[in-house]
Structures are given as structure tokens and as C-alpha cells.
Amino acid sequence: VINQAVTEAAVTEREIDEVRKSYKDYAFRASLLFFCVSELELIDPMYQFSLQWFQQLAVMGITNSENGDNRKTRLENLISYFTYSIYQSVCRG
């Protein structure tokens, strides 16, 4: 019984790692946008955004973007939605 549970846990761990790694491109885009947005403050103090604000937009992107038929489509939808929502939010100031 214990060996079976350990085997199932190892399989689950591999599946979780695979899914986690598939979101690397989203994480890369999000970090790139975060540092770009945070540098806008140097242009004008009006452009000051907190990490919490940014995280809320990222969570909204995950929640509100279309799911897609597969993981690749989902990732593309996430990146597009998040990039556009950052653009809209920054333009509003």
C-alpha cells in the first residue's frame, strides 16, 4: 500500500512539474512587463505601480483569459490577455 502511494506521488509530481514548466513563457513575459512598467516611473512619477497591483492583473489574466483547446493555446491566450490588460491599465495611469 505504501509503495503504491509513493509511486502515485512520484507520477503526480512529474505531471505537476510538466504543467509548471509549460507556464515558463507566461512567467517570462510577466517579469519582462513588470520591470518595464516599474521603469516608467523614471519618465514620470505618475507611472508608479505596486507589485500587488501587478499581481492582481496577473491573477485576473489567469482567471479571465480564454482557456483554449490545448496548453499551447492557453498559454498564448494568457500572454495576449495579460499584455493587453497591462497596456490598458498603464495607459489609464
Side-chain angles (χ1 to χ4, degrees):
V1 175
I2 293 174
N3 287 336
Q4 181 182 3
V6 170
T7 304
E8 289 174 5
V11 169
T12 303
E13 183 180 355
R14 280 192 294 272
E15 290 172 356
I16 291 171
D17 282 345
E18 182 180 319
V19 172
R20 181 179 52 82
K21 287 177 185 175
S22 72
Y23 285 93
K24 243 181 158 176
D25 290 339
Y26 181 60
F28 177 77
R29 173 61 68 96
S31 66
L32 179 71
L33 289 173
F34 174 76
F35 288 110
C36 288
V37 167
S38 66
E39 292 292 315
L40 288 175
E41 177 184 4
L42 300 174
I43 297 170
D44 191 317
M46 174 183 81
Y47 296 111
Q48 292 183 22
F49 302 99
S50 69
L51 178 59
Q52 290 77 19
W53 168 83
F54 193 84
Q55 288 172 327
Q56 285 178 332
L57 282 179
V59 170
M60 279 178 31
I62 292 169
T63 305
N64 297 336
S65 65
E66 292 184 28
N67 285 333
D69 297 332
N70 55 43
R71 209 176 285 154
K72 184 177 187 247
T73 306
R74 171 69 173 153
L75 185 61
E76 290 170 357
N77 291 343
L78 277 170
I79 290 171
S80 295
Y81 187 93
F82 184 62
T83 302
Y84 188 67
S85 68
I86 289 285
Y87 170 77
Q88 283 184 318
S89 298
V90 170
C91 286
R92 274 188 249 154

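Both backbone and side-chain heavy atoms feed into the values below; hydrogens, waters and symmetry mates do not.
- Nearest approach of Asn67 to Asn77, heavy atoms of both residues: C-ND2, 4.1 Å.
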Report task. Assess whether side-chain contact (heavy atoms from CB on, under 4.5 Å) is satisfied between Val19 and Arg71, documenting all intermediate values. Result -> CA-CA 9 Å; Val19 172; Arg71 209 176 285 154; 3.6 Å; yes
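- Between the side chains of Asn70 and Thr73, at least one donor N or O lies within less than 3.5 Å of an accepting N or O.
- With values rounded to the nearest 0.5 angstrom, Ile62 atom CD1 is found 11.5 Å from Leu57 atom CG.
- Among all heavy-atom pairs drawn from Thr83 and Ile79, the shortest one is OG1-O, 2.7 Å.
- The hydrophobic cluster containing Leu51 also contains Val37, counting ILVMFWY residues as joined when their side-chain heavy atoms lie under 4.5 angstrom apart, directly or transitively.
- Under the 4.5 Å side-chain heavy-atom criterion for ILVMFWY residues, a single connected hydrophobic cluster contains both Met60 and Leu78.
- Counting heavy-atom neighbours within 6.0 Å of Asp17 CG, excluding the residue itself, gives a total above 12.
- For Arg14, the side-chain hydrogen bond (donor to acceptor under 3.5 Å, both in side chains) test picks out no residue, with sequence neighbours left out.
- No donor-acceptor distance shorter than 3.5 angstrom exists from the side chain of Arg29 to the backbone of Ser80, with no hydrogens or angles considered.
- Under the 4.5 Å side-chain contact rule for hydrophobic residues, Phe35 and Ile43 share a cluster.
- A side-chain N or O of Glu8 and one of Gln4 form a donor-acceptor pair less than 3.5 Å apart.
- Taken from CH2 in Trp53 to CD1 in Ile86, the straight-line distance is 4.0 Å, to the nearest 0.5 Å.
- We find the CD1-NZ distance between Ile16 and Lys21 to be 12.5 Å, quoted to the nearest 0.5 Å.
- One finds the CD1 atom of Ile2 at 11.5 Å from the OG1 atom of Thr7 (value rounded to the nearest 0.5 Å).
- Atom CD of Glu18 sits about 11.5 Å away from atom CZ of Arg20, to the nearest 0.5 Å.
- Shown here is Glu66, whose CD atom has no more than 12 heavy atoms of other residues, nucleotides or ligands within 6.0 Å.
- Looking at Tyr81, Tyr26, Tyr84 one by one, the single match for side-chain contact (heavy atoms from CB on, under 4.5 Å) with Ser65 turns out to be Tyr81.
- Cluster membership check: Tyr87 does not share its hydrophobic cluster with Tyr47, using side-chain heavy-atom separations under 4.5 Å among Ile, Leu, Val, Met, Phe, Trp and Tyr.
- Aromatic rings of Phe82 and Phe54 (six-membered ring for Trp) have centroids within the 6.0 Å cut-off, being under it.
- To the nearest 0.5 angstrom, Tyr23 atom OH is 5.5 Å from Arg74 atom CZ.
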